[in-house]
Amino acid sequence: MLFSRTSLVVASLLAVTVAARPAEKRWGGWGGSWGGGASNNWWHSAPAASFGDFGKRWGLDSGSCDMAAAVQNMNLAAADPPLPSPHPGLSLFSVVVGRGTQNYTCDLSNTTAVPTPVGAVASLFDVSCVAATAKELLPALSVIALNLPVPSSDDTSSPIMQDMTGHHYFLDDTTAFFNLDTSLHQYGMGALQKANASDAPTTSYAGPGGQGNGAVQWLKLDVKPAAQDSFKQVYRLDTAGGVPPKMCTGSPAAFEVPYAAVYWLFK
Ligand SMILES: *[C@@H]1O[C@H](CO)[C@@H](O)[C@H](O)[C@H]1NC(C)=O
Ligand SMILES: *[C@@H]1O[C@H](CO)[C@@H](O)[C@H](O)[C@H]1NC(C)=O
Ligand SMILES: *[C@@H]1O[C@H](CO)[C@@H](O)[C@H](O)[C@H]1NC(C)=O
């Protein structure tokens, strides 16, 4: 895939600031709901068809929200051991729920092989206002997202794609990419690598329906050394699912494990 890299104002010389985050316009939010849009109400009687649909009903990101309050609500201490704090020169840009799959491969010629992580693919939905006002809901949003279908289409005319803030995928086995530039907005992108990892809390959700091998680790990712990207640090917290079986026995050569997580993106 081809992407134009956004040029960057070096943030490290700035004092601690809070970026003015552009309002996510594509959630229906309360405005549309009160206006009587039948498919856009949280009290709609049908089950949510997707996480985007769920988000619309709750007006999860219906305008500007207080990112200074949100950054105070990062629960780094819940990981074991606690993850390091973000760099003081950076600003919290957005908090998103990621819903997708962790991918693994297995060496089928090796009877004692264990699954090897080969990246992840996820759709990102903005939940910055929840992070600012109701941090207790964040772990639940991962669980809800994991139990709703994953968007599968790149058709930008589909309703779910209209609600998406961006995409998370890997450029290679160790380079996590966050792409929040879409045909509808230019929020930035970033190529990052793992800096710190801690086990998810033991109470974390193990997989869809509560069944699975566990929740993937909480991570702190740092921008790759040469990358001139917008996002400098990204945290993966409040994970649900994503852990493969311990051994490859009975697994195919390549497989996916559904997961969701809350990502905190700093510029
Ligand atoms: C990982 O999963 C995604 C989503 O299904 C898929 O498109 C991709 O090809 C997979 N990657 C690998 C390396 O298997
Ligand atoms: C088989 O997998 C085990 C576990 O990952 C590994 O230690 C071992 O080196 C592998 N054997 C071969 C021949 O690749
Ligand atoms: C986090 O990662 C950095 C860079 O990889 C390392 O220097 C630091 O010791 C780590 N901190 C913790 C608490 O693991």
Side-chain angles (χ1 to χ4, degrees), residues 8 10-14 16 70-96 98 101-120 131 135 138-139 168-178 189-204 207 212-239 241-257 259 261-267:
L8 150 89
V10 175
S12 57
L13 298 175
L14 303 177
V16 178
V71 78
Q72 300 301 321
N73 289 338
M74 267 186 108
N75 191 7
L76 298 177
D80 180 23
L83 289 169
S85 298
H87 190 282
L90 300 181
S91 311
L92 178 62
F93 177 75
S94 186
V95 185
V96 297
T101 63
Q102 296 283 326
N103 290 12
Y104 298 93
T105 58
C106 274
D107 176 2
L108 298 184
S109 68
N110 180 350
T111 54
T112 62
V114 299
T116 303
V118 289
K135 64 179 176 183
L138 292 174
H168 169 47
Y169 45 90
F170 275 64
L171 301 183
D172 56 46
D173 286 359
T174 58
T175 307
F177 201 73
F178 293 82
M189 54 182 78
L192 299 99
Q193 64 191 9
K194 184 162 46 175
N196 303 92
S198 293
D199 286 345
T202 53
T203 51
S204 299
N213 299 302
V216 284
Q217 286 189 307
W218 291 22
L219 303 177
K220 174 175 178 284
L221 307 170
D222 286 346
V223 69
K224 295 199 81 167
Q228 293 292 297
D229 291 331
S230 312
F231 299 119
K232 298 302 191 188
Q233 292 185 329
V234 173
Y235 287 80
R236 182 178 81 185
L237 311 182
D238 293 320
T239 53
V243 171
K246 282 200 166 50
M247 303 293 295
C248 279
T249 318
S251 290
F255 62 97
E256 300 164 359
V257 182
Y259 91 108
V262 179
Y263 290 95
W264 297 68
L265 292 89
F266 288 81
K267 282 189 173 178

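Start at 1 and go down the list; that is how both ligands and their atoms are numbered.
Within the listing of ligand 3, atoms 1 (C), 2 (O), 5 (O) sit less than 4.0 angstrom from a heavy atom of Ala195.
Annotation: the span from Leu92 atom CG to Gln233 atom CD amounts to 11.5 Å, rounded to 0.5 Å. In this structure, OG1 in Thr116 is found 8.0 Å from CG in Asp107, a value given to the nearest 0.5 Å. A distance of 11.5 Å separates OG1 in Thr174 from CG in Leu192, rounded to the nearest 0.5 Å.
Remark: Tyr263 engages His168, Phe178 in a ring pair (Phe, Tyr, Trp, His ring centres under 6.0 Å) (not counting sequence neighbours).
Side-chain contact between Val243 and Val257 is absent, with no heavy-atom pair separated by less than 4.5 Å.
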Could you give the N/O to N/O pairs under 3.5 Å linking ligand 2 and the protein, each with its distance?
from, atom 1, to, atom 2, distance (Å)
ligand 2, 2 (O), Asn110, ND2, 2.4
ligand 2, 11 (N), Asn110, ND2, 2.8
ligand 2, 14 (O), Asn110, ND2, 3.4

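Aromatic ring pairs are classed by plane angle as parallel below 30°, tilted from 30° to 60° and perpendicular above 60°; the pair Tyr235 and Phe266 is perpendicular.
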